[in-house]
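The structure displayed is predicted, hence computed values, not measured ones.
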Amino acid sequence: MKWTAEEEEALLVGVAKNGPGKWKNILQDSKFPLSSLIAPISISRKTAGILGMNLDPISFMGQLGNQFFSNKFSYCLVNPNTVTHSYLKFGDDAYNGRPIQEFKKTHFEANPFNNNYYLYLQDISINGKRLNLPKDTFKIKGNGHGGCVIDSGTTITRLKYSVYIRVKDEFEAYFARYGIQRSYDGCGTTSSVLCFYLPSGFNAFPSMTYHFFGADLYVEPKNCFLFTISHFAPAITAGDSELTILGSWHQHNIRFIYDTDLRQLSFAPEECDKDSP
């Protein structure tokens, strides 16, 4: 949906007064008339709207990013079990006051058939052990299929089936060394979900690392799994296509900065529950 003339006029006034990229200052301006610019969330904490942020020309960034936000935005996702919020930041606020040198960087891959944020994923490690996947495992095919997308709207990471099997086998072998067996009914879902019994006091969970072109994304052990009182499950599932999607559970406590001018993703660890508007 495109912005109305009234909405664009209001943003122009805000930018003229506060400067390009000063989204935080614009929203805090008591004279700024458009509270509706913030995606509505109902009091029941259910999503009441979706803010499109991909590379499509009619997305929020496609329409307004260059003119108002220097084509940059960022987020830092808190664990959903906390009582704090995650904030979307634009323009000069995207780095949250941190030096650019603190961030690792990797470039977006172009997919002529899709406007999502594709990354050149080269390999995956479990607890520091690389899987040594074939070089073209995550390659975007000529028909646009395959590849790896980062998506904050997908909770659990979806791995293409062949990669899922490799990761599953590695997790099973890792926990078998501690005598931890797979459970086929303990996670309250279908038996196909990779689920394990949780021994009392056990805390030796492995990490995951996504090896992107030019940058490694380290996922802390606590963000690699979902837990119940008696069971746990890796935050991964087998996808039903060649596409791999890096979901939000593996993005907790990391600031991600999207720069659509440079076609670049920057990221660094951060205590997201200490973030503020």
(request) Output yes when D275 and R255 qualify as a salt bridge under the 4.0 Å nitrogen-oxygen rule, no when they do not. (result) yes
(request) Examine distances only and state if a side-chain atom of Q251 and a backbone atom of G247 form a donor-acceptor pair shorter than 3.5 Å. (result) yes
(request) Could you tell me if the ring centre of Y120 sits under 6.0 Å from that of F138? (result) no
(message) Can a side-chain donor-acceptor contact be found between N111 and Y118 if the only test is distance below 3.5 angstrom?
(response) yes
(message) Please report whether the ring centroid of F175 lies less than 6.0 Å from that of F232.
(response) yes
(message) Looking only at side-chain N and O atoms, does N253 offer a donor or acceptor that is under 3.5 Å from a partner on E220?
(response) no
(message) Ignoring hydrogens and geometry beyond distance, is a side-chain donor-acceptor pair present between Y75 and Y258 at under 3.5 Å?
(response) yes
(message) Within the structure provided, determine whether F213 and E109 are in side-chain contact (heavy-atom separation under 4.5 Å).
(response) no
(request) Search all heavy atoms of F225 against all heavy atoms of P206 and return the closest pair with its distance. (result) CE1-O, 3.5 Å
(message) Is the positively charged end of R98 above the ring of F103, judged by distance under 6.0 angstrom from the centroid and angle within 45° of the axis?
(response) yes
(request) Scan residues 137-154 for pairs that pass side-chain hydrogen bond (donor to acceptor under 3.5 Å, both in side chains), counting only residues two or more places apart or in two chains. (result) K141-E242, N143-H145, D151-T154
(message) Would the distance check show the side chain of D93 and the main-chain N or O of N96 forming a donor-acceptor pair, the cut-off being under 3.5 Å?
(response) no
(request) Would you check if the distance from the ring center of F196 to the ring center of H231 is below 6.0 Å? (result) no
(request) Kindly state whether the ring of F227 and the ring of F205 have centres lying under 6.0 angstrom apart. (result) yes
(request) Kindly indicate whether the side chain of H211, heavy atoms from C-beta on, has any atom under 4.5 Å from the side chain of S125. (result) yes
(message) Is the shortest side-chain heavy-atom distance between T157 and I245 below 4.5 Å?
(response) no
